[in-house]
Asks: 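The following block contains the structure, expressed as structure tokens.
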Amino acid sequence: MDLDGKTILITGCAGFIGSNVAKRLLGDVNDIKLIGIDNMNDYYDTSLKETRIEELKEHPSFIFLKGNIADRDLINTVFQKYTPQIVVNLAAQAGVRYSIANPDAYIESNLIGFYNILEACRHSGDKGKGVEHLVYASSSSVYGNNKKVPYSTEDRTDVPVSLYAATKKSNELMAYSYSGLYKIPATGLRFFTVYGPAGRPDMAYFDFTNKLCKGEKIRIFNYGNCKRDFTYIDDIVAGVVSVMRKAPVADENGVRHKVYNIGNNRPESLLDFVDILQQELIHAGVLDSEYDFESHKELVPMQPGDVEATWADIDELVKDFGFRPHTDLRDGLRQFAEWYKKFYKKA
């Protein structure tokens with residue numbers, strides 16, 4: 001599917017992944033109209049979101065709308081006015097631990113909001129200008145505490161260990177049913193741990209950096225025995241854009257819906273990860289060369305809702321799209337550390 005000349009809607013466009021996908025499309029695709037929606041909530045530092053949006057606004061093909069996808073009237077108005085041909089739903093309340101304390105936010109954004117997107121896609125099709133492809137964010141969290149690794153899309157995903165995971169699995173089921181009932185081609189992407197410059201401050205590497213800069217201790221859960229499939233943002237963006245270009249073919253039931261893992265396919269020990277991180281923070285001048293890292297590290301038990309390991313089997317993504325992440329962990333963390341120095345340590 002050629003993206004040139006298309007009208008594309010990206011929800012969550014001020015978010016880490018959404019803003020980077022939008023930036024790539026605006027830079028690489030000809031004659032597109034890109035509509036971005038974000039509620040700009042204060043789940044994390046809004047200055048990051050504002051900076052991302054201001055950068056996108058430099059492109060004349062970008063239209064930004066501040067609003068919540070749980071606002072059905074807003075979503076209906078957007079679809080009626082712009083009739084997007086490709087929809088990329090990346091708006092969601094993220095975070096596993098946050099879902100334990102703030103469940104309402106997840107129901108509103110991840111369930112009601114996604115339902116509004118599906119309904120708008122459905123009725124857009126009634127007008128003969130149907131949505132050609134819906135791409136939406138799922139999560140590796142749907143695998144729960146699955147002991148079999150790497151995680152395959154064929155593995156069971158009916159044992160979520162957090163409300164966040166349950167909402168993401170619900171998105172997959174909702175999208176499948178709408179694809180079958182209303183002929184909406186849809187692709188779900190199970191994102192694994194995404195990192196990089198201007199990322200989410202609630203993610204471990206960013207939170208660790210903030211704490212270390214303040215001289216606070218960082219808490220490493222499960223005594224450092226967790227493993228994560230850390231995936232650099234540029235690799236994620238390349239995968240998302242590739243998927244956007246190719247809507248799924250019908251399955252054995254005639255439904256055009258597909259789910260893929262999108263990750264690095266190489267889990268890293270959390271202890272190794274934070275060791276490389278502190279080295280790169282020192283290299284970038286974020287931390288002093290004499291920084292006593294060991295005295296600021298605390299190993300603690302596993303937290304509710306967490307899992308021991310994530311590891312993506314990406315064979316299907318490789319086969320269907322030629323997707324292969326290529327960014328080395330040290331290179332990715334170096335890019336983050338250098339960005340952090342420029343953004344937060346300007347003086």
Asks: Would you find a donor on one side and an acceptor on the other, under 3.5 Å apart, between the side chain of D313 and the backbone of P150?
Replies: no
Asks: Distance-only, no hydrogens or angles: does the Y106 side chain make a donor-acceptor pair with backbone N or O of S99 under 3.5 Å?
Replies: yes
Asks: Would you indicate whether K148, at its atom NZ, is surrounded by more than 12 heavy atoms from other residues, nucleotides or ligands within a distance under 6.0 Å?
Replies: yes
Asks: Is any side-chain heavy atom of L333 less than 4.5 Å from a side-chain heavy atom of Y232?
Replies: no
Asks: Answer whether the closest heavy-atom distance between the side chains of C13 and F62 falls below 4.5 Å.
Replies: yes
Asks: State, yes or no, whether a side-chain contact exists between N265 and W311 at a heavy-atom distance under 4.5 Å.
Replies: yes
Asks: Between F206 and F336, does the ring centre distance come in under 6.0 Å?
Replies: yes
Asks: Looking only at heavy atoms, which two atoms of L111 and M174 are closest? And how far apart?
Replies: O-CE, 3.8 Å
Asks: Please verify the inter-ring angle class for F273 with Y205; under 30° counts as parallel, over 60° as perpendicular, anything in between as tilted.
Replies: perpendicular
Asks: Quick check: closest heavy atoms across G199 and L48, and the distance to 0.1 Å?
Replies: O-CD1, 3.6 Å
Asks: Yes or no on side chain to side chain contact (heavy atoms under 4.5 Å, CB included) for R334 and D328, after CA distance, side-chain angles and deciding distance?
Replies: CA-CA 10 Å; R334 178 162 295 185; D328 175 79; over 6 Å; no
Asks: I'd like to check K81 versus I35 (side-chain heavy atoms, cut-off strictly below 4.5 Å). Are they in contact?
Replies: no
Asks: For Y82, run the side-chain contact (heavy atoms from CB on, under 4.5 Å) check against L34, L9, I63, I8 and tell me which one passes.
Replies: I63
Asks: Has the side chain of N225 got a donor or acceptor atom that lies under 3.5 Å from a matching backbone atom of N222?
Replies: yes
Asks: Any chance you could measure L163, atom CG, to K168, atom NZ, to the nearest 0.5 Å?
Replies: 11.5 Å
Asks: Do K49 and Y44 meet the cation-pi criteria used here (NZ or CZ under 6.0 Å from the six-membered ring centre, within 45° of the axis)?
Replies: yes
Asks: Is there a donor-acceptor pair under 3.5 Å between the side chain of D31 and the backbone N or O of D4?
Replies: no
Asks: Could you tell me if the side chain of L173 sits less than 4.5 Å from the side chain of S170, heavy atoms only?
Replies: no
Asks: With no hydrogens and no angle check, is any side-chain donor or acceptor of Q85 less than 3.5 Å from a backbone partner on T7?
Replies: yes
Asks: Nearest 0.5 Å please: distance from the CG atom of L329 over to the CD atom of E280.
Replies: 9.0 Å
Asks: Rounded to the nearest 0.5 Å, what's the gap from OG1 on T157 to CD on E172? Could you check?
Replies: 6.0 Å
Asks: Please tell me if the side chains of F221 and P301 come closer than 4.5 Å, counting only heavy atoms from C-beta onward.
Replies: no
Asks: Measure the acute angle between the ring planes of F343 and W339, then classify it against the limits of 30° and 60° as parallel, tilted or perpendicular.
Replies: parallel
Asks: For K169 and D158, indicate whether the former's side chain and the latter's backbone hold a donor-acceptor pair under 3.5 Å.
Replies: no
Asks: Show your working on side chain to side chain contact (heavy atoms under 4.5 Å, CB included) between R256 and K183 and close with a plain yes or no.
Replies: CA-CA 7 Å; R256 296 183 65 187; K183 312 305 177 189; over 6 Å; no
Asks: Keeping T83 on the side-chain end and F79 on the backbone end, is there a donor-acceptor pair under 3.5 Å?
Replies: no
Asks: Assess, by modelled atom type and distance only, whether the side chains of T11 and N89 contain a donor and an acceptor separated by less than 3.5 Å.
Replies: yes
Asks: Group every Ile, Leu, Val, Met, Phe, Trp and Tyr by side-chain heavy-atom contacts under 4.5 Å, then state whether V161 and V142 land in the same group.
Replies: no
Asks: Would you kindly say whether Y151 and R190 are connected by a side-chain donor-acceptor distance under 3.5 Å?
Replies: no
Asks: Does L299 belong to the same Ile/Leu/Val/Met/Phe/Trp/Tyr cluster as M302, with side-chain heavy atoms less than 4.5 Å apart forming each link?
Replies: no
Asks: Give a yes or no on whether L270 and L277 share a hydrophobic cluster (residues Ile, Leu, Val, Met, Phe, Trp, Tyr; joining criterion: side-chain heavy atoms under 4.5 Å apart).
Replies: yes
Asks: Is there side-chain contact between V274 and F293, with at least one heavy-atom pair below 4.5 Å?
Replies: yes
Asks: Where do L118 and L134 land on the side chain to side chain contact (heavy atoms under 4.5 Å, CB included) test, with the steps shown first?
Replies: CA-CA 9 Å; L118 290 172; L134 166 64; 3.6 Å; yes
Asks: Which atom pair, heavy atoms only, marks the closest approach of L189 to V135?
Replies: CD1-CG1, 3.9 Å
Asks: Counting only N and O atoms by type, is there a donor-acceptor contact under 3.5 Å from the side chain of D207 to the main-chain atoms of D202?
Replies: no
Asks: Is the count of non-hydrogen atoms from other residues, nucleotides or ligands lying under 6.0 Å from H283 atom NE2 greater than 12?
Replies: no
Asks: Would you compute the distance between atom CZ of R72 and atom CD of E119 and round it to the nearest 0.5 angstrom?
Replies: 5.0 Å
Asks: Main chain of N171, side chain of N110: is a donor-acceptor contact present, judged purely on distance under 3.5 Å?
Replies: no
Asks: Using a cut-off of 6.0 Å, state whether more than 12 heavy atoms not belonging to R330 lie near its atom CZ.
Replies: yes
Asks: Could you check whether atom NZ of K297 has more than 12 heavy atoms from other residues, nucleotides or ligands sitting under 6.0 Å from it?
Replies: yes
Asks: What's the separation between atom OG in S47 and atom CZ in R52, rounded to the nearest 0.5 Å?
Replies: 9.0 Å
Asks: Just wondering, are more than 12 heavy atoms of other shown residues or ligands nearer than 6.0 Å to NZ in K227?
Replies: no
Asks: Please walk me through it: do S140 and D229 pass side chain to side chain contact (heavy atoms under 4.5 Å, CB included)?
Replies: CA-CA 10 Å; S140 62; D229 202 336; over 6 Å; no
Asks: Determine, for E338 against K341, whether the closest basic-nitrogen to carboxylate-oxygen distance falls under 4.0 angstrom.
Replies: no
Asks: Ignoring hydrogens and geometry beyond distance, is a side-chain donor-acceptor pair present between Y164 and Q93 at under 3.5 Å?
Replies: no
Asks: Pairing donors with acceptors under 3.5 angstrom, does anything connect the side chains of D275 and Q279?
Replies: yes
Asks: Name each donor-acceptor pair under 3.5 Å that joins a side chain in residues 314-323 to protein atoms two or more places apart or in another chain, with its distance.
Replies:
| unit_1 | atom_1 | unit_2 | atom_2 | d |
| --- | --- | --- | --- | --- |
| E316 | OE1 | T153 | OG1 | 2.6 |
| E316 | OE2 | K258 | NZ | 2.7 |
| D320 | OD2 | Y260 | OH | 2.6 |

Asks: Report yes or no: does Y291 contribute a side-chain atom to a donor-acceptor pair with the main-chain N or O of L212 at less than 3.5 Å?
Replies: yes
Asks: Is a donor from one side chain sitting under 3.5 angstrom from an acceptor on the other, for D251 and H257?
Replies: no
Asks: For A120 and N76, work out which heavy atoms get closest and say how close.
Replies: CB-OD1, 4.3 Å
Asks: Identify whether V243 and I86 are in the same connected component of the hydrophobic contact network (ILVMFWY, side-chain heavy atoms under 4.5 Å).
Replies: yes
Asks: Is there a path from Y195 to Y43 through hydrophobic residues (I, L, V, M, F, W, Y) whose side chains come within less than 4.5 Å of each other?
Replies: yes
Asks: Nearest 0.5 Å please: distance from the CE atom of M40 over to the CD atom of E50.
Replies: 5.0 Å
Asks: If you compare all heavy atoms of L25 against all heavy atoms of I32, which two are closest, and at what distance to 0.1 Å?
Replies: O-CD1, 3.8 Å
Asks: How about D42: does its CG atom have over 12 heavy atoms from other parts shown lying under 6.0 Å from it?
Replies: no
Asks: Just so I know, are the side chains of N68 and L74 near enough to count as touching, which here means a heavy-atom distance under 4.5 Å?
Replies: no
Asks: Ignoring hydrogens, what is the shortest heavy-atom contact between I262 and G239? Give both atom names and the distance.
Replies: CD1-CA, 3.9 Å
